[in-house]
Amino acid sequence: MSLYTWLRTATASVAVVLATATATTANAAPTPTTEPAAAAAVVTLRYDDSRAGGWEAAIAAGVASWNANVDNVRLVEAAPGTRAEIVIVATTGWPQAQLGPVRPGRQVRVELGSQAVTQGYDKTRIAAHELGHSLGLPDTKPGPCTQLMSGSSAGTACRNAVPNATEQARVESFYANGVAAHVATDGRVLVDAP
């Protein structure tokens with residue numbers, strides 16, 4: 001076989017291989033693209049702590065705890081002069097709050113009572129616990145320190161300000177699909193005294 005014949009045969013073979021590969025690729029099903037799952041809709045609830053002097057750090061830590069542990073609800077500080085869904089005030093009595101879940105545009109009140117602090121209870125746990133009421137969680141008394149909503153029944157040594165998995169799941173179910181639950185705000189005032 002001459003070099004010329006060999007080159008023609010080789011070139012023809014390469015052309016057949018390329019044509020086959022091109023046809024196979026053209027007829028192949030498109031490669032599926034992996035798109036990130038749509039982010040869950042988030043309900044934003046504003047809080048006003050302008051009348052909670054002395055509790056600012058505890059409120060900020062309580063808000064941060066909820067924001068870090070619940071995916072579909074965000075607590076944000078209300079801009080001055082705007083209506084807030086959660087109004088937080090400092091009082092001299094026992095901590096108390098209206099039971100939610102509060103809906104956007106509605107309003108509940110949280111009272112952070114200094115009497116509990118005087119008795120030795122942790123301010124951050126108090127703030128996170130009372131915010132939990134606003135989000136729809138009742139007290140779970142008596143209960144262990146690992147349950148944020150056990151409140152004062154966990155004792156003064158308890159410093160846990162983080163909702164447990166069950167508490168997180170309940171709040172997320174109340175605000176599923178980006179809307180506050182069809183469960184009406186209960187509105188009862190829950191006082192967290194021992």
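We count residues from 1, following the sequence as given.
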**OP:** Before giving the answer on side-chain contact (heavy atoms from CB on, under 4.5 Å), spell out for Ile88 and Asp48 the whole-Å C-alpha distance, their side-chain angles and the decisive distance to 0.1 Å.
**Re:** CA-CA 6 Å; Ile88 307 171; Asp48 175 2; over 6 Å; no
Which heavy-atom pair separates [X] from [Y] by the least distance, and what is that distance?
| X | Y | value |
| --- | --- | --- |
| Asn69 | Gln168 | O-OE1, 3.2 Å |
| Asp139 | Leu190 | OD2-CB, 4.1 Å |
| Gln98 | Val189 | CG-CG2, 4.0 Å |

Subject >> Spatial distance of atom CZ (Arg109) from atom OG1 (Thr91) [nearest 0.5 Å] >> reply: 8.0 Å
Subject >> Spatial distance of atom CZ (Arg106) from atom OG (Ser134) [nearest 0.5 Å] >> reply: 15.0 Å
Please answer whether the main-chain N or O of [Y] pairs with a side-chain N or O of [X] as donor and acceptor at a distance below 3.5 Å.
| X | Y | answer |
| --- | --- | --- |
| Gln96 | Val110 | no |
| Arg159 | Thr156 | yes |
| Ser65 | Ala61 | no |
| Asn67 | Leu75 | yes |

**OP:** Give every residue pair that meets the ring-ring contact (aromatic ring centres under 6.0 Å, His included) criterion with at least one member in residues 146-166, sequence neighbours excluded.
**Re:**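 Those involving residues 146-166 do not exist here.
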Quick one: side-chain contact (heavy atoms from CB on, under 4.5 Å) partners of [X], sequence neighbours excluded?
| X | result |
| --- | --- |
| Arg170 | Leu137, Pro138, Phe174 |
| Glu56 | none |
| Ala116 | Trp94, Pro95, Tyr121, Ile126 |
| Ala58 | Trp55, Lys123, Thr124, Ala127 |

Subject >> Worked check of side-chain contact (heavy atoms from CB on, under 4.5 Å) between Glu77 and Arg46 >> reply: CA-CA 5 Å; Glu77 189 169 4; Arg46 295 162 303 197; over 6 Å; no
Does some side-chain heavy atom of [Y] sit less than 4.5 Å from a side-chain heavy atom of [X]?
| X | Y | value |
| --- | --- | --- |
| Tyr47 | Glu85 | no |
| Val102 | Ile86 | yes |
| Val63 | Leu131 | yes |
| Leu45 | Val73 | yes |
| Pro163 | Val171 | no |
| Leu135 | Val70 | no |

Return each pair, listed once, that meets disulfide (SG to SG under 2.5 Å) where at least one residue sits in [range]; pairs must be two or more places apart or across chains.
| range | answer |
| --- | --- |
| residues 55-103 | none |
| residues 71-133 | none |
| residues 59-143 | none |
| residues 91-151 | Cys145-Cys158 |

Subject >> Any pair counted as side chain to side chain donor-acceptor pair (under 3.5 Å), so long as it reaches residues 144-155, sequence neighbours left out >> reply: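 For residues 144-155, and leaving out neighbouring residues, the side chain to side chain donor-acceptor pair (under 3.5 Å) pairs sorted by first residue read Arg125-Ser150, Thr140-Gln147, Lys141-Ser152.
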Subject >> Apart from Val89 itself, residues in the same hydrophobic cluster as defined by side-chain heavy atoms under 4.5 Å >> reply: Val87
Subject >> His133 and Asp192 side chains, donor-acceptor separation under 3.5 Å >> reply: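 No, no side-chain donor-acceptor pair sits under 3.5 Å.
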Subject >> Single-linkage hydrophobic cluster Val76~Val108, side-chain heavy atoms < 4.5 angstrom >> reply: no
**OP:** Could you pull out all residues at least two apart from Glu167 that satisfy salt bridge (charged side-chain N to carboxylate O under 4.0 Å, His left out)?
**Re:** none
